[in-house]
There are 2 protein chains.
Amino acid sequence: MKNLKLNNRQAKAIETKAKIYDSADQLFRTYGFDHVSVDSIVEKAGVSKGSFYVHFDSKNSLISALATDFVARLDLDYKSFLESFPPNAMASEILLSIVGKIVDVLTLTIGYNSMKIIYEALITRTINTDPIVGYDRELYKMFNEIIKKGIDQQEFQTEMTIDTITKHCIMAIRGITYEWCIRYPDFDLKSEVLIHFKILLNGLKKQ
Amino acid sequence: MKNLKLNNRQAKAIETKAKIYDSADQLFRTYGFDHVSVDSIVEKAGVSKGSFYVHFDSKNSLISALATDFVARLDLDYKSFLESFPPNAMASEILLSIVGKIVDVLTLTIGYNSMKIIYEALITRTINTDPIVGYDRELYKMFNEIIKKGIDQQEFQTEMTIDTITKHCIMAIRGITYEWCIRYPDFDLKSEVLIHFKILLNGLKKQ
DNA sequence: CAAGTATAATGACCATAGTCAGTGACTTAA
DNA sequence: TTAAGTCACTGACTATGGTCATTATACTTG
C-alpha cells in the first residue's frame, strides 16, 4: 500500500502534471494534435520542457492518457446503457444495440483523430495498453454478461466458451475500427460493424 | 505515352533513385523503419539529403514504395497456392486453407517485428496504403473468386454481395492480425484466426 | 561551338520531439 | 539547527524529418 499522505513537494509535482495535462487538453481541442507542439504546451502550462518529460514519456503518451481517461468514463456510460434493457430482451438485440452505441461514441464523441492516436499508441506500445485491451476492462465483463444471457436463453451455440465468444466480439470491433483508421474517410464504421456483426451473430446462433 | 528513350541525365537520375531505394531496403531489413534515418540512407547511397527528396516525397513515401513491391510478391505466392486446389474443392475449405496459408506467411516468413512495422506504418505514416488495403489488390480478387465459387455451389447465402463478403473476410484477417500485434506474444494468431473464420463461415452458410 | 535553358543534385538550414547533467528547494535524520 | 540526501525541475543540447536557394551539368538551340 502506497503512502496516501503527500508532502509539499509531491503535491507540487501533481499540480505541475495537472497543469501540463489541462493545457494540452485545451490546446488539442482548439488546434488538433498535429498542430500543437510540446513547446507550446509547456509554454501555456508555464513549465519547462524537461518537466514535461518528467511526467509523460512522450507527446503520444500524454495524448493517450487524455483519451484513455475519456474512454474509461465511457465504459460507465455503456454500462448504464446496458442496464436500461428489459430482462426479457434478446441477447442478440442487446449486443447489436450496444455495439451500435459504442461505434457512435467512437465516431461522434471521440472522433477519428483521437482514435487513430490511441490505436497507434496501442501498436507501438508507448503506453500501458491494459486499460484498453486488458481482459479486466469493464467492457469485457459487460459483453460476457450478454453472451452468457444468450447462451442461457438458448439463442447462441455452446460450441465455444463464453470467454472465447466475448473476446472475438470485441476483437472484431477493434479490428474494424483499425480498418476505419486506415481507410478514413472512405469507410463507414457503423454500417460495416453492423454488417460484420450480422454475420457473426448468424454464425453464433444455435443450430 | 512518355518517351521511352532515356538520355544520360535521366539514366543517372534513375540510378540515383535505385541507389537510395536499395540502400534503404538493406538498412530497413536490418534495423527496422524507426531506427534508420534519412541521413543514414543517403550516406549509404552516397548521395545528398536533398537528392533523396528529389526522388521521394518523404521517408514514408519510400517505405510505401518498398511495401508495394513486397506485397505484390506475396500475392503471387498466394495465387499459385490457390491454383493448386482441384476445381471441385469446397469454397469454405479453400477459404480456410488460404487463410491458414496467409497466417503462416505472416507469422513464419514475415514475422512479428516486420508485421508490427507494417501495421504501424499503415496507421501512423501518411504512406500510400493502396497497394496493401486497396480493393484492387490481387488478394481481394482471389478472395472474390473463392466467395463467388461458394455462392455458385450454393454453399454460401446470397443476402450480401460477393464484394461485401470478400471485404469483410480480409478485414477480419487484418483485424485479428492487429490484435496479434498489440497482444504479442500472448496471442496465437493462427488459432484465433481459425476460430474467427469458423464463426464467420458458419454465419455465411446457406440457411 | 557558344549561349541559354532545364533539372539533378547539393548542403546549410529549420522545426520539433526527446535527452540529460546540473540546480536548488524541500525532506529527513542527527 | 544543520548537514546530508532526494527529486521535481530546468534549459541547452541532440536527433531527425523535411525545406529551399544555390550550384553543377547535361541538353537544346541558333
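None of these values were measured; they are calculated from a predicted model. Residue numbers start from 1 in every chain, and the chains themselves are labelled A, B, ... in the order their sequence lines are given, proteins ahead of strands.
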L194(B): partners by side-chain contact (heavy atoms from CB on, under 4.5 Å), with sequence neighbours left out: L96(B), K190(B)
Residues in salt bridge (Lys or Arg N to Asp or Glu O under 4.0 Å) contact with E138(A), at least two apart in sequence or another chain: K79(A)
side-chain contact (heavy atoms from CB on, under 4.5 Å) partners of P86(A), counting only residues at least two apart: N88(A), A89(A)
Aromatic ring pairing H196(B)/H196(A), orientation class (parallel under 30°, perpendicular over 60°, tilted between): parallel
DNA chain D: 5'-proximal contact among K17(A) and S37(B) (nearest heavy atom): K17(A)
Residue list, ring pair (Phe, Tyr, Trp, His ring centres under 6.0 Å) with F81(A), at least two apart or on another chain: F85(A)
Nucleotide dA15(D), atom C1' - distance to CG of D34(B) in whole Å: 14 Å
Residues from residues 18-26 of chain A lying under 4.0 Å of DNA chain C - heavy atoms: none
Nucleotides 25-30 of chain C: protein proximity per nucleotide (B base, S sugar-phosphate only, - neither; heavy atom, under 4.0 Å): BBS---
Atom-to-atom span, CG of D39(A) to P of dC13(D) - whole angstrom: 15 Å
Listed partners of K59(A) passing salt bridge (Lys or Arg N to Asp or Glu O under 4.0 Å), at least two apart: none
Below 4.0 Å: OP1/OP2 of dG17(D) and any side-chain N or O of S58(B): no
Integer-rounded Å distance: dG17(D) C1' and H35(B) NE2: 16 Å
Donor-acceptor contacts under 3.5 Å from residues 42-50 of chain B side chains, at least two apart:
from   : atom 1 : to     : atom 2 : distance (Å)
K44(B) : NZ     : Q26(B) : OE1    : 3.4
S48(B) : OG     : S51(B) : N      : 3.2
K49(B) : NZ     : D39(B) : OD1    : 3.2

Set of residues satisfying side chain to side chain donor-acceptor pair (under 3.5 Å) with respect to Y21(B), sequence neighbours excluded: D69(B)
Those residues that, when tested against Y53(B), pass ring pair (Phe, Tyr, Trp, His ring centres under 6.0 Å) (two or more places apart): none
Contact list for DNA chain C against residues 40-56 of chain B - heavy-atom distance below 4.0 Å: V47(B), S48(B), G50(B), S51(B), V54(B), H55(B)
Atom pair distance, as rounded to whole Å: CG in D57(A) and C1' in dT19(C): 13 Å
Test salt bridge (Lys or Arg N to Asp or Glu O under 4.0 Å) applied to E145(B) - qualifying residues, sequence neighbours left out: none
Plane angle bin for Y112(B) and Y184(B) - parallel if under 30°, tilted between 30 and 60°, otherwise perpendicular: parallel
